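Working notes for the structure below.
Counting from 1, the numbers follow the sequence of the chain as shown. Note that this is a predicted model, so its numbers are computed, not measured.
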Amino acid sequence: MNILCAYNANIDSIVHVDCEELTRMLEVHDNIPEKMNDPTGSISSVSDFLAGLVICMRDGTGAEWLIHDSNVFEWLKETFLERSFMRMGGNMGIMSNVLSELGATKVIPNVASLTELQASFFSRKAILHPYKGKLYNSSDLEHILHSGGSWQELIHFVFDFKKGDTFILSGKRISVPRENRFIATYDPLNFRLYMDEHFREYSLEHAEEMDGAIVSGYHMLQEDLDDGDYKTRVDESLAQLIDWKKKRADLHLHVEMGHFSSENIASYAFSTLSPVVDRIGMNEDELAILARVNDMDPKPILGMDPVAIAEAAIVLCNDHGLCRMLVHTREFVLSVSCMDEDDPELIIQAMDFGVKCAAAFACSGKLSDRDELLDMAGGIRESDPGKAASIRLAKHMEEEWNCSGVCGIYNSYQVTIVPTRICDEPVSTVGLGDTISAAIFLRELELNS
Ligand code: GLC
């Protein structure tokens with residue numbers, strides 16, 4: 001399979017939160033409770049950063065806040081960089097590596113800042129970087145690497161925390177209810193949905209040879225861009241996707257959502273892309289934002305009620321001209337499709353494959369080849385809440401079909417659900433949704449070919 005991947009790749013610096021250190025920091029910055037009452041959703045000071053982290057840890061939720069002040073970024077580097085571990089980051093970067101490691105033939109990524117460090121995190125198997133109309137594999141990159149000058153390392157700090165971690169805020173001990181992560185991101189290029197000119201040219205010229213495209217990074221856009229606003233960026237990207245489709249009508253297009261800093265941007269990106277792309281993937285937090293904007297109650301979605309999730313996904317598809325949505329949560333993956341001729345058994349098989357790859361990746365922190373991953377996943381237990389959710393959704397279906405998982409018709413859409421597999425001690429929780437989405441995408445392309 002030949003696959004185009006755009007737009008966001010960066011470097012993730014993963015830090016496991018040290019709760020004693022956090023407690024000490026919270027003693028020094030005594031305005032955190034006020035900041036938590038009225039969260040900024042972005043970072044302009046160390047206190048903003050601490051408030052965002054503590055909200056996520058208190059609630060067990062995940063979030064990504066963008067850093068607006070380079071001094072805070074410098075502080076994060078000084079404080080955490082040395083003890084962090086670095087790996088590929090950015091939804092597109094992670095998904096392109098998954099596709100490459102799992103056996104795609106050619107994976108062509110758009111990279112905003114292809115420095116030596118960034119290049120070192122790309123998979124060696126099938127990733128090829130376009131430059132002046134030609135493709136270069138990772139070992140042959142030297143003359144196209146960005147260095148010095150304005151090219152910079154795009155580092156996102158990912159703070160991972162575990163269930164049961166405890167820290168003290170204003171004299172009160174807080175215990176973390178669920179593992180998750182808080183991402184503090186400073187990334188002036190991906191903030192603009194950066195399109196590399198070599199990628200742009202190559203992808204247009206060779207769209208006919210491609211089987212699919214995975215696109216993400218819209219959530220990095222901001223409302224106050226200086227050089228053109230977020231709508232212009234989304235529209236430019238839409239034009240690129242339409243150009244690809246003109247060259248190859250059956251190019252399968254998957255968009256992966258992320259944690260948006262603004263409801264306006266989330267809503268604009270979703271409604272603009274929906275009529276053109278084949279499907280959109282997201283987690284329950286992201287679905288809840290879109291649901292709220294579209295006058296639906298986000299609470300049961302955040303509570304991971306599968307019926308509310310299916311309902312919201314179907315309403316959003318219907319209202320915006322999208323045919324398929326894939327929602328991945330910690331406990332289950334759920335797909336809704338408007339296509340009668342989709343084979344539900346094939347979708348279940350692909351979802352099961354994605355779940356296994358992500359579970360093995362969570363436990364090992366590495367992507368190995370597919371047989372090894374599947375082997376490892378065999379020993380990882382299925383989520384009990386995920387199994388219960390499947391049974392609950394099955395009961396609400398208008399028609400339940402016979403397949404190896406749960407599938408059937410709900411509100412006239414074909415709905416399938418598969419429980420995830422839970423790694424008790426994940427190396428990191430970041431990028432698991434991307435891993436699931438990319439693995440499902442690849443397996444579906446293969447099974448449909
Ligand atoms: C977002 C973050 C990135 C992280 C990715 C994981 O793109 O910016 O740092 O790797 O999400 O899904």
Side-chain angles (χ1 to χ4, degrees), residues 1-8 90-92 95-96 98-99 104 107-110 193 195 199-200 203-204 207-208 210-221 230-258 260 265-283 286-287 289-290 293-294 312-328 333-339 341-342 347 350-351 354 413-414 433-434 436-445 448:
M1 293 297 154
N2 297 331
I3 303 168
L4 296 170
C5 294
Y7 292 95
N8 61 326
N91 312 69
M92 185 287 284
M95 293 192 289
S96 63
V98 171
L99 297 168
V107 179
I108 319 286
N110 168 80
L193 203 69
M195 289 179 204
F199 174 82
R200 190 200 297 267
S203 60
L204 190 57
E208 278 137 279
M210 299 292 149
D211 300 288
I214 280 197
V215 187
S216 63
Y218 301 98
H219 65 290
M220 308 277 298
L221 288 167
Y230 67 87
K231 289 189 179 165
T232 315
R233 297 284 168 189
V234 174
D235 295 351
E236 247 180 69
S237 147
L238 181 75
Q240 182 170 54
L241 307 186
I242 291 174
D243 281 346
W244 294 346
K245 280 262 189 194
K246 274 192 203 144
K247 292 228 162 171
R248 173 140 194 190
D250 60 351
L251 179 85
H252 204 71
L253 263 178
H254 173 97
V255 165
E256 187 65 25
M257 290 300 215
F260 282 84
I265 304 179
S267 176
Y268 187 75
F270 183 78
S271 55
T272 307
L273 297 166
S274 283
V276 171
V277 306
D278 294 285
R279 64 175 207 221
I280 300 190
M282 67 189 76
N283 67 24
E286 294 143 15
L287 180 67
I289 291 178
L290 290 170
V293 177
N294 288 272
I314 291 168
V315 170
L316 287 168
C317 283
N318 240 332
D319 290 357
H320 296 274
L322 177 69
C323 182
R324 272 198 70 189
M325 200 191 282
L326 190 76
V327 184
H328 39 81
V333 191
L334 187 153
S335 155
V336 305
S337 168
C338 71
M339 298 254 278
E341 65 268 31
D342 270 352
I347 296 177
M351 296 205 315
Y413 272 64
Q414 204 186 97
D434 303 325
I436 288 206
S437 281
I440 295 175
F441 179 78
L442 180 65
R443 193 71 194 119
E444 271 191 33
L445 281 183
N448 277 316

With sequence neighbours left out, the residues meeting disulfide (SG to SG under 2.5 Å) with Cys317 are none
Mark yes or no for whether Glu444, through its side chain, and Phe441, through its backbone, hold a donor-acceptor pair below 3.5 Å. no
Starting at CG of Leu290, measure out to CG of Asn294 and round the result to the nearest 0.5 Å. 6.5 Å
How long is the straight-line distance from CG of Asn2 back to CD1 of Ile108, given to the nearest 0.5 Å? 7.0 Å
Partner of Ser216 under side-chain contact (heavy atoms from CB on, under 4.5 Å), chosen from Val255, Asn91, Asp434, Leu193: Asn91
For side chain to side chain contact (heavy atoms under 4.5 Å, CB included), just list the numbers for Trp244 and Gln240, CA-CA rounded to whole Å, side-chain angles, deciding distance to a tenth of an Å, and then say yes or no. CA-CA 6 Å; Trp244 294 346; Gln240 182 170 54; 3.7 Å; yes
Taking it one step at a time, do Leu316 and Ile280 satisfy side chain to side chain contact (heavy atoms under 4.5 Å, CB included)? CA-CA 11 Å; Leu316 287 168; Ile280 300 190; over 6 Å; no
Output all residues satisfying side-chain hydrogen bond (donor to acceptor under 3.5 Å, both in side chains) with Asp211, sequence neighbours left out; order by chain, then residue number. none
What's the spacing between Leu442 CG and Met95 CE if we round to 0.5 Å? 12.5 Å
Output yes when a side-chain donor or acceptor of Arg324 lies under 3.5 Å from a complementary backbone atom of Arg279, and no otherwise. no
Backbone of Phe199 reached by a side-chain donor or acceptor of Asn110 within 3.5 Å: no
As an exercise, state the distance from CD of Glu286 to CZ of Phe260, rounded to the nearest 0.5 Å. 8.0 Å
Among residues at least two apart in sequence or on other chains, which ones pass ring-ring contact (aromatic ring centres under 6.0 Å, His included) with Phe270? His320
In plain terms, say whether Asp243 and Arg200 are close enough for a salt bridge, that is, a side-chain N and a carboxylate O under 4.0 Å apart. no
Please determine whether side chain to side chain contact (heavy atoms under 4.5 Å, CB included) holds for the pair Met257 and Leu287, giving the CA-CA distance in whole Å, both sets of side-chain angles, and the decisive distance to 0.1 Å. CA-CA 9 Å; Met257 290 300 215; Leu287 180 67; over 6 Å; no
Using modelled atom types and a 3.5 Å cut-off, is there a donor and acceptor pairing between side-chain atoms of Lys247 and backbone atoms of Leu204? yes
For residues Leu326 and Met351, determine if any side-chain heavy atom of one lies less than 4.5 Å from a side-chain heavy atom of the other. yes
If you look at every heavy atom in Val98 and Ala439, which pair is closest and at what distance? CG1-N, 4.0 Å
With the side chain counted from C-beta on, respond yes when Leu4 and Val215 share a heavy-atom pair under 4.5 Å apart, and no when they do not. no
dist Leu253:CG -> Met210:CE (nearest 0.5 Å) comes out at 12.5 Å
Is Asp235 salt-bridged to Arg233, cutoff N-O under 4.0 Å? no
Roughly how far, to the nearest 0.5 Å, is the CG atom of Asn283 from the CD atom of Glu256? 8.0 Å
Using side-chain heavy atoms (C-beta onward) and a distance below 4.5 Å, is Lys231 in contact with Tyr268? yes
Between Ser337 and Tyr413: side-chain donor-acceptor atoms closer than 3.5 Å: no
Nearest heavy-atom pair of Cys5 and Ser96: which atoms, and what distance? SG-CB, 3.8 Å
